[in-house]
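The first residue in the sequence is number 1, and the count goes up from there.
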Amino acid sequence: MLRGMDRWLVGYLRSILRRPRRTASPVHVMIGFMDHFEPLTPGGKASNEKGEWRVQQWQERFPRLAADFRDADGLPPRWSFFYPAEEYRPAYLDALAGLTAKGWGEVEIHLHHDGDTAASLSRGLVEFRDRLRNEHGLLGSAPDGSPAFAFIHGNWSLCNSLPDGRWCGVNDELVVLRESGCYCDMTMPAGASPAQSRTVNAIYHASNKPGRPRSHDGGIMVTAAAPTSSPTPREDAGDLMLIQGPLALNWGWRKWGLLPRLEYGDLTGACPPTAQRGRLWLRQHIHVANRPEWLFIKLHTHGCNERNLDMLLGEPMRTLHQWLATACNDGQRYRLHYVTAREMYNIVKAAEAGAQGDPGAYRDFVIAPPPAGHR
């Protein structure tokens, strides 16, 4: 808990002040599972056979798990597979496209890179983006029809944010991402990593600081316009929107029985989901300013790691979905919405534009579903 406190503590205290004192009922809870989906982990060095086995586990077991649950819109849990560009294997992406076509999830872009330049990063992102679209029917579509993607940075090091400059190299990464078709970054929180941003538990527009690292440290909070029955998407107030997951002190799970552990929305075999953690995610109340009745929970995991895989496709996740069904979907105090990364962004943009009522109506508000998507 003490590691990196200088980076996140002030931001965490500020996030407590942003929590609403009162919220109209029902509160709509948007929950999304963002997977750093790396079939060839560790470091892209696993055998192709191991990668095939891991992807097959998700093909076979995730639909069986998710089929038993439904949200307030009648939709099952869906998964957001942030696939690493450096591990491209056509067969793996075809398998994920099959899951996408059946409505079990969507694919977005993940990337580990080191010592990069803006030019080489742009080339790599555009090449991978176009492969996903043209060869697999993946990624959402911007209003002009071009492929668009959400992004998670490998090693957490968005905007060259590690002190030693490793695992990125591009200070102006926000601009490169935007120009390559990225509509939203979902890397944070990074917990105790030195890449952790100083802004915590927020949805905000960050602006590039030319030639300087860590442009994602702060920005302009996404704020809802006056309520309207005809919301129109608004231009971003910066270079890129960031949607963060929960970061908090977990006093219910203490180290040595004394110090609170750091909660940052990670789902692992060593840190499985629990009702106590779920209540902590809710309490952070991450929302668009002036629209507190729409609450966002973005969780993350590494779903191809064997230490996590059985937890994610087994009883611990089943227990989480059962808790969500009872605690977050009673229809009066809470209504639950399972969302992909793209849908979460769209609902944020709808809130920003002044939309009200049921957020489930805005899943495709700006970024359209992928060609392989199921409707």
Side-chain angles (χ1 to χ4, degrees), residues 8 10-32 34 71-73 184 186 188-189 197-206 218-234 236-238 241-250 263-265 275 277-299 323-324 326-341 343-363 365-366:
W8 54 260
V10 172
Y12 173 60
L13 295 175
R14 287 174 176 166
S15 76
I16 293 174
L17 298 177
R18 289 197 301 270
R19 296 178 192 170
R21 294 185 179 180
R22 295 181 181 178
T23 305
S25 296
V27 172
H28 293 268
V29 178
M30 272 61 69
I31 186 164
M34 314 304 166
D71 67 9
D73 303 314
C184 181
M186 295 190 170
M188 293 291 111
S197 63
R198 298 186 184 279
T199 300
V200 171
N201 294 332
I203 302 173
Y204 61 106
H205 298 289
I220 299 172
M221 296 295 166
V222 178
T223 302
T228 175
S229 59
S230 302
T232 301
R234 299 168 66 185
D236 285 352
M241 181 189 290
L242 279 79
I243 300 178
Q244 297 185 327
L247 186 147
L249 297 175
N250 189 343
E263 168 64 55
Y264 61 107
R277 292 185 71 196
R279 289 190 291 270
L280 195 57
W281 302 334
L282 286 171
R283 196 175 306 133
Q284 305 321 302
H285 211 105
I286 298 173
H287 64 282
V288 172
N290 297 338
R291 188 67 76 249
E293 67 273 20
W294 290 11
L295 187 156
F296 297 85
I297 300 175
K298 181 187 71 69
L299 307 177
W323 178 80
L324 289 168
T326 56
C328 297
N329 202 28
D330 60 12
Q332 299 193 13
R333 185 178 180 190
Y334 291 111
R335 287 175 61 84
L336 177 69
H337 306 271
Y338 289 118
V339 293
T340 63
E343 291 171 334
M344 181 175 283
Y345 169 80
N346 279 332
I347 293 171
V348 166
K349 290 297 290 183
E352 181 184 45
Q356 54 187 328
D358 187 349
Y362 299 100
R363 293 173 181 267
F365 184 62
V366 179

[X] side, atom [atom1]; [Y] side, atom [atom2] - distance, nearest 0.5 Å:
X      : Y      : atom1 : atom2 : answer
Thr23  : Glu293 : OG1   : CD    : 7.5 Å
Arg291 : Thr223 : CZ    : OG1   : 11.0 Å
Arg21  : His285 : CZ    : NE2   : 14.5 Å

task: Begin with the C-alpha distance, continue with both residues' side-chain angles, and end with the deciding distance and a verdict on side chain to side chain contact (heavy atoms under 4.5 Å, CB included) for Val348 and Met30.
output: CA-CA 10 Å; Val348 166; Met30 272 61 69; over 6 Å; no
Mind checking whether [X] and [Y] have side chains closer than 4.5 Å, heavy atoms only?
X      : Y      : result
Lys349 : Asp236 : yes
Phe365 : Glu352 : no
Pro189 : Trp8   : no
Arg283 : Arg19  : yes
Leu324 : Asn329 : no
Ile203 : His287 : no
Trp281 : Glu263 : yes
Arg198 : Val10  : no

Closest heavy-atom contact between [X] and [Y]?
X      : Y      : value
Leu247 : Gln284 : O-OE1, 3.8 Å
Ala224 : Asn290 : O-ND2, 3.6 Å
Ile243 : Tyr345 : CD1-CA, 4.0 Å
Asn201 : Ser15  : ND2-OG, 3.2 Å
Ala206 : Leu242 : CB-CD1, 3.7 Å
Tyr12  : Leu249 : OH-N, 3.7 Å

query: Applying the side-chain contact (heavy atoms from CB on, under 4.5 Å) test to His337, which of Ile31, Leu295, Asp73 qualifies?
result: Asp73
message: Checking Ser197 against Gln244 for the side chain to side chain contact (heavy atoms under 4.5 Å, CB included) test, could you report, in this order, the C-alpha distance in whole Å, the side-chain angles of both residues, the deciding distance, and whether it holds?
response: CA-CA 10 Å; Ser197 63; Gln244 297 185 327; 3.0 Å; yes
field: Criterion side chain to side chain contact (heavy atoms under 4.5 Å, CB included) on Ile347 and Phe296, from CA distance to verdict
entry: CA-CA 10 Å; Ile347 293 171; Phe296 297 85; 3.8 Å; yes
- request: Over 60° means perpendicular and under 30° means parallel, so classify the ring planes of Trp294 and His28, tilted if in between.
  value: perpendicular
field: Arg14 atom CZ, neighbour heavy-atom count above 12 within 6.0 Å
entry: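 Incorrect, the count does not exceed 12.
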message: Taking Gly265's backbone N and O only, do any of them form a donor-acceptor pair with Lys298's side chain (distance below 3.5 Å, no angle check)?
response: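 Not a single qualifying donor-acceptor pair exists.
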Evaluation steps, side chain to side chain contact (heavy atoms under 4.5 Å, CB included), between Val27 and Arg333: CA-CA 6 Å; Val27 172; Arg333 185 178 180 190; 5.9 Å; no
